[in-house]
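Presented below is the structure to which this report refers.
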Amino acid sequence: MSLVTLLPFIVLIGAMFLMTRSAKKKQQQAADMRNHMQPGSGVRTIGGMYATVKEVSDDTVLVDAGPGVELLFAKNAIGAVLSDDEYNRIVHGVEHDLKSDVVPDDASSLTETDDEPAAAAASDDKAVDFSKKDEKDEAEEPSDDAVAADAKADDEPKKTDGDAEAK
């Protein structure tokens with residue numbers, strides 16, 4: 001056999017070796033993470049439930065999922081061990097105070113001066129009605145332009161070509 005015929009098999013075996021090596025590496029990292037769990041740390045199960053570790057044994061983990069709710073999971077069912085900041089942000093909605101400056105949602109507060117606050121400028125604007133009206137609603141409520149045109153038409157004398165009854 002020549003080297004050219006063996007080359008595809010060698011490449012295939014090499015690719016399989018690299019794939020299994022990376023998978024074993026990920027499994028080892030997950031096992032290390034699960035072995036370093038301590039009581040009081042926040043975890044996420046593979047089902048997506050967040051809880052606090054209460055007790056760790058060889059193959060199982062007792063977690064506190066809420067007031068009076070204690071659940072027993074296999075260690076393999078723990079998907080991730082979360083840091084305290086991440087756990088509090090997800091479960092309790094508590095943000096860590098790393099941000100000392102709060103960025104506003106709009107730029108109006110960045111451009112306003114002390115003489116004229118943005119609230120006074122906003123109160124001068126007319127409220128705009130963006131609601132959708134039906135055609136019959138529009139027919140019942142004529143616009144200001146239509147009312148003005150009708151009033152002007154009433155003031156002008158009507159022109160006729162002759163008797164309307166003759167037709």
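- Shown here for Asn76 and Arg34, the closest heavy-atom pair between the two residues is O-NH2, 3.5 Å.
- Checking side-chain atoms of Arg44 against main-chain N and O of Tyr50 turns up no donor-acceptor pair under 3.5 Å.
- Looking at Tyr87 and Thr52, their side chains come closer than 4.5 Å, going by heavy atoms from C-beta outward.
- Phe17 contributes atom CZ, which lies 14.0 Å from atom CG of Leu12 (distance to the nearest 0.5 angstrom).
- Annotation: side chain of Lys75 is in contact with side chain of Asn35 (closest heavy-atom distance under 4.5 Å).
- Each of Val11 and Leu3 belongs to its own hydrophobic cluster when Ile, Leu, Val, Met, Phe, Trp and Tyr are linked at side-chain heavy-atom distances under 4.5 angstrom.
- Between Ala51 and Ala65 the shortest heavy-atom distance is CB-CA, 4.0 Å.
- Interatomic distance, OG of Ser57 versus CG of Leu72, reported as 7.0 Å (0.5 Å rounding).
- Taking Glu55 as the reference, Leu62 meet the side-chain contact (heavy atoms from CB on, under 4.5 Å) condition, with sequence neighbours excluded.
- Atom OG1 in Thr45 sits 5.0 Å away from atom CZ in Phe73 (nearest 0.5 Å).
- Between Met33 and Ile78, the shortest heavy-atom contact is CE-O, 4.3 Å.
- Contact annotation: the side chain of Leu71 approaches that of Met49 to within less than 4.5 Å [non-hydrogen atoms, C-beta and beyond].
- The environment of CG in Asp59 is sparse: at most 12 heavy-atom neighbours from other residues, nucleotides or ligands sit within 6.0 Å.
- Heavy-atom minimum distance, Ser2 versus Thr5: O-OG1, 2.8 Å.
- Side chains of Val53 and Gln38 form no contact here, defined as non-hydrogen atoms less than 4.5 Å apart.
- Within 6.0 Å of atom NE2 in His92, more than 12 heavy atoms from other residues, nucleotides or ligands are found, so the atom counts as buried in its surroundings.
- In this structure the side chain of Val43 reaches within 4.5 angstrom of the side chain of Met37, judged on heavy atoms.
- For the side chain to side chain donor-acceptor pair (under 3.5 Å) condition, the pairs that include at least one residue of residues 20-30, sequence neighbours left out, are Gln28-Asp32.
- Cluster annotation: Leu7 and Leu18 are assigned to distinct hydrophobic clusters (Ile/Leu/Val/Met/Phe/Trp/Tyr, side-chain heavy-atom contacts under 4.5 Å, transitive).
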